[in-house]
Amino acid sequence: MILDKFKLTDQVAIVTGVATGLGKAMAIGLAEAGADIVGVYNSHAPEDVQQKIEATGRKFLGIQANLITIEPIKGIVAKTVETFGKINILVNNAGIIRRAPSLEFTEKDWDDVMNVNLKSVFFLSQAVANQFVKQGTGGKIISIASLLAFQGGILIPPYTSSKSGIRGLTQLLANEWARHNINVNAIAPGYMITDNTAPLRSDPVRNKAILERIPAGHWGDPEELQGAVVFLASAASNYMNGFTLAVDGGWLGR
Ligand SMILES: NC(=O)c1ccc[n+]([C@@H]2O[C@H](COP(=O)([O-])OP(=O)(O)OC[C@H]3O[C@@H](n4cnc5c(N)ncnc54)[C@H](O)[C@@H]3O)[C@@H](O)[C@H]2O)c1
Ligand SMILES: O=C(O)C(=O)C[C@H](O)[C@H](O)CO
């Protein structure tokens with residue numbers, strides 16, 4: 001039955017950046033579809049996310065980790081396997097943005113963005129894929145890209161580079177790992193209402209320009225990503241590999 005293929009019953013999903021915004025909504029969506037969640041957070045413990053996930057009847061394990069370096073990655077995988085015995089799904093969602101003109105952009109801001117948004121995505125994917133191979137089960141890796149994987153944008157040089165990098169890396173990893181039954185795909189959210197985009201909404205000029213450009217006529221709600229992430233995490237997408245799926249109110253089609 002096709003609807004059964006969307007179910008994630010007893011799957012184990014790691015979601016980074018689980019405390020806020022898109023990560024929080026996607027973790028709750030994955031739990032509602034049947035998965036236990038390992039939520040990686042940076043600063044404050046995501047007690048509200050844990051409560052919502054446990055209310056679905058699924059388990060939640062929080063792991064504090066700063067992904068600006070790759071040092072915590074081995075521990076994330078080890079703790080997940082120690083607790084749940086396996087991993088089935090990885091959602092690389094944690095990300096940062098720094099805005100400044102390219103003529104003035106600093107090396108520190110460049111490195112911080114690339115480290116969190118791209119370097120950690122690669123090395124966490126590598127560690128989880130090695131676990132998938134060890135298990136002999138295959139698995140699903142979903143990375144959160146952006147419209148900036150397809151367009152330039154302004155004032156965000158490493159962000160655009162990192163998100164284009166995710167799109168390319170997704171293709172490469174899908175090529176290399178398909179033979180292990182690993183699906184590697186990405187999601188390109190449009191302009192969604194989260195902390196990340198708050199400065200754009202509070203700038204009347206940019207807010208107006210963005211709204212006028214979205215065919216759907218409104219900013220995205222984080223919950224509007226749940227369908228795409230559950231689909232890419234599930235058996236319903238088994239023949240999809242290396243693709244970046246836009247969930248953007250029609251932005252890229254315009
Ligand atoms: N909001 C949008 O419109 C939009 C659109 C496209 C893509 N994205 C991407 O979605 C992802 C989630 O962003 P969001 O919009 O929910 O914003 P957000 O700021 O609420 O979420 C980012 C999350 O990443 C975590 N994080 C940041 N630095 C970290 C670090 N060093 N180590 C571990 N975790 C860290 C934060 O704690 C936070 O929970 C990001 O990758 C972002 O680039 C957002
Ligand atoms: O263009 C900007 O300044 C953004 O903030 C981009 C958004 O965060 C998002 O990635 C658009 O998909």
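Note that ligands are numbered from 1 as they come in the structure, with each ligand's atoms numbered from 1 the same way.
- Judged by distance alone, with hydrogens and angles left aside, the side-chain atoms of Asp248 form no donor-acceptor pair with the main-chain N or O of Pro189 at under 3.5 Å.
- With Thr106 contributing its side chain and Asp109 its backbone, the two residues share a donor-acceptor pair below 3.5 Å.
- Asn88 and Thr137 are not linked by any side-chain donor-acceptor pair at a separation below 3.5 angstrom, with hydrogens and angles left out of the test.
- The number of heavy-atom neighbours closer than 6.0 Å to CZ of Arg179, taken from other residues, nucleotides and ligands shown, is 12 or below.
- With respect to Lys208 and Asp203, no salt bridge is recorded, no charged nitrogen being found less than 4.0 Å from a carboxylate O.
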For ligand 1, output the ligand-protein N/O contacts shorter than 3.5 angstrom; if there are none, return none.
| from | atom 1 | to | atom 2 | distance (Å) |
| --- | --- | --- | --- | --- |
| ligand 1 | 1 (N) | Met192 | O | 3.4 |
| ligand 1 | 1 (N) | Thr194 | OG1 | 2.9 |
| ligand 1 | 3 (O) | Gly190 | O | 3.2 |
| ligand 1 | 3 (O) | Met192 | N | 2.7 |
| ligand 1 | 3 (O) | Met192 | O | 3.4 |
| ligand 1 | 15 (O) | Thr194 | OG1 | 2.5 |
| ligand 1 | 16 (O) | Leu22 | N | 2.8 |
| ligand 1 | 20 (O) | Thr20 | OG1 | 2.7 |
| ligand 1 | 21 (O) | Thr20 | OG1 | 3.2 |
| ligand 1 | 24 (O) | Gly95 | N | 3.4 |
| ligand 1 | 31 (N) | Asn66 | OD1 | 2.7 |
| ligand 1 | 32 (N) | Leu67 | N | 2.8 |
| ligand 1 | 39 (O) | Thr20 | OG1 | 2.7 |
| ligand 1 | 41 (O) | Asn93 | O | 2.8 |
| ligand 1 | 41 (O) | Lys163 | NZ | 2.9 |
| ligand 1 | 43 (O) | Tyr159 | OH | 2.7 |
| ligand 1 | 43 (O) | Lys163 | NZ | 3.0 |

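- Between the side chains of Glu47 and Gln51, no donor-acceptor pair is found at a separation under 3.5 Å.
- Residue-level contacts of ligand 2 at the 4.0 Å heavy-atom threshold are Ile97, Arg99, Ser146, Leu147, Leu148, Ile156, Tyr159, Pro189, Gly190, Tyr191, Asn196, Thr197, Leu200, Arg206.
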**Asked** Where do Trp110 and Phe105 land on the ring pair (Phe, Tyr, Trp, His ring centres under 6.0 Å) test, with the steps shown first?
**Response** CA-CA 7 Å; Trp110 175 277; Phe105 216 89; 7.1 Å; no
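- A salt bridge does not link Lys52 with Asp48: every distance from a Lys NZ or Arg NE/NH1/NH2 to an Asp or Glu carboxylate oxygen is 4.0 Å or more.
- When only modelled atom types and interatomic distance are considered, Asn207 and Trp219 share a side-chain donor-acceptor pair under 3.5 Å.
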